[in-house]
Enquirer: 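So that we are looking at the same thing, I have put the structure below in structure tokens.
Numbering of ligands and ligand atoms starts at 1, following listing order.
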Amino acid sequence: MTRKPDQVDFHCHLDLYPDLATAIAICESSRTATLAVTTTPKAFRRNIQLARSSEFVRVALGLHPHLAEDRQGELLLFEALLPETRYVGEIGLDAGPRYYRSMPTQEMVFRKILSMCATSGGKILSVHSVRTAGRVLDHIDECLPRDRGKVVLHWFSGSAAEASRAVQAGCYFSVNQAMLEKPRGREIVAQLPLDRILTETDGPFVDIDGGPVTPGGVLPTIKSLAALSELATADMANQLIRNWIKLVS
Ligand code: MN
């Protein structure tokens with residue numbers, strides 16, 4: 001990336017918007033350093049192709065925990081594609097009511113991906129941890145040595161104790177507006193070190209004003225984070241960009 005971005009959207013499903021090229025163009029024109037996460041290895045190529053000339057969009061290779069059971073057969077493709085990107089996501093675990101039954105497969109897939117990342121080194125991972133923060137951190141401890149990759153916990157919803165454990169483990173946190181609308185989410189975010197926070201939209205899965213959030217639509221989140229830390233919005237915006245630079249450099 002040659003120019004400094006104006007803002008950061010570190011977890012957005014650009015390919016789940018009606019038109020991927022338009023979603024990429026929105027991130028370019030708003031100068032948003034965007035992590036385009038994907039949910040299956042098969043979706044990766046199209047993202048890479050369309051984002052090839054983009055200055056601000058980076059594509060992550062993913063295998064979403066909701067799809068682990070159906071798509072575990074794509075782990076070989078995952079391994080083959082991994083050298084093509086420095087970014088991995090969306091990966092992780094989900095023990096919500098619809099998915100806890102597939103937990104053994106989810107854990108197998110997650111551990112294999114962590115081990116592949118440990119072998120290659122230098123990857124940055126966007127990780128889902130619904131009702132599994134402790135388990136996710138256990139697997140990371142066991143499979144990804146700290147000097148072999150960096151972890152960003154996306155939409156973290158664990159306990160305060162789990163959050164401090166993640167901070168100790170060196171994790172970053174990408175925070176979206178839906179998190180900050182709940183008192184519990186605000187409490188957790190308020191406890192995080194300012195230099196470990198990034199913004200994300202998790203578009204199109206987060207609604208703002210009755211419709212899906214726009215890619216790069218992080219301004220309300222920057223404002224909420226600024227209010228939470230009693231900082232000026234511009235100062236918070238700069239802090240978030242510094243955090244992103246530190247993470248990716
Ligand atoms: Mn997501």
Side-chain angles (χ1 to χ4, degrees), residues 7-20 23-24 26-27 32-44 46-48 51 57-71 74 78 85-100 102-103 106 109-110 113-114 117 123-133 135-136 139-140 150-158 166 171-182 185 188-189 197-208 211-218 220-221 244 247:
Q7 53 179 19
V8 176
D9 182 352
F10 209 74
H11 185 108
C12 187
H13 298 265
L14 294 183
D15 64 352
L16 300 182
Y17 284 87
D19 185 65
L20 174 55
I24 292 169
I26 290 169
C27 298
T32 306
T34 306
L35 187 67
V37 291
T38 56
T39 56
T40 68
K42 277 189 179 146
F44 178 75
R46 185 171 157 259
N47 278 260
I48 280 281
V57 176
R58 292 295 174 268
V59 178
L61 173 65
L63 207 171
H64 197 288
H66 294 178
L67 300 172
E69 190 74 52
D70 288 346
R71 303 298 189 101
E74 288 180 41
F78 192 106
T85 182
R86 189 182 168 202
Y87 298 94
V88 169
E90 181 165 359
I91 58 167
L93 302 177
D94 191 317
R98 287 176 60 192
Y99 302 103
Y100 73 89
S102 66
M103 190 52 59
Q106 288 186 42
V109 166
F110 185 46
I113 291 173
L114 290 172
C117 292
K123 305 296 186 194
I124 299 175
L125 288 63
S126 181
V127 177
H128 177 113
S129 57
V130 170
R131 298 194 192 182
T132 51
R135 262 194 228 211
V136 160
H139 292 307
I140 290 169
K150 295 185 192 178
V151 173
V152 181
L153 295 171
H154 129 78
W155 199 332
F156 183 82
S157 57
C171 298
Y172 285 70
F173 298 79
S174 57
V175 172
N176 64 56
Q177 195 54 19
M179 279 172 78
L180 294 173
E181 274 160 14
K182 297 199 178 111
I188 295 288
V189 173
I197 299 175
L198 303 165
T199 42
E200 65 165 47
T201 56
D202 200 15
F205 296 114
V206 167
D207 280 346
I208 301 277
V213 60
T214 305
V218 292
T221 308
W244 173 82
L247 173 70

Enquirer: Please set out all donor-acceptor pairs under 3.5 angstrom arising from side-chain atoms of residues 201-208, sequence neighbours excluded.
Expert:
| from | atom 1 | to | atom 2 | distance (Å) |
| --- | --- | --- | --- | --- |
| Thr201 | OG1 | Asp9 | OD1 | 3.2 |
| Thr201 | OG1 | Asp9 | OD2 | 2.7 |
| Thr201 | OG1 | Gly203 | N | 3.1 |
| Asp202 | OD1 | His11 | NE2 | 3.3 |
| Asp202 | OD1 | His13 | NE2 | 3.3 |

Enquirer: Is a donor on one side and an acceptor on the other found under 3.5 Å between the side chain of Thr85 and the backbone of Tyr87?
Expert: yes
Enquirer: Should the ring pair His66 and His128 be called parallel, tilted or perpendicular, given that the plane angle runs from 0 to 90° and is split at 30 and 60?
Expert: perpendicular
Enquirer: Side-chain donor-acceptor pair under 3.5 Å between Glu90 and Ser126, yes or no?
Expert: no
Enquirer: Using a cut-off of 2.8 Å, count how many protein N, O or S atoms are strictly closer to the Mn ion (ligand 1).
Expert: 4
Enquirer: Quick one, Met103 with Thr132, criterion side chain to side chain contact (heavy atoms under 4.5 Å, CB included). Give me CA distance, side-chain angles, the key distance, then yes/no.
Expert: CA-CA 10 Å; Met103 190 52 59; Thr132 51; 4.0 Å; yes
Enquirer: Can you confirm whether Pro215 sits close enough to Thr34 that some side-chain heavy atom of one is under 4.5 Å from a side-chain heavy atom of the other?
Expert: no
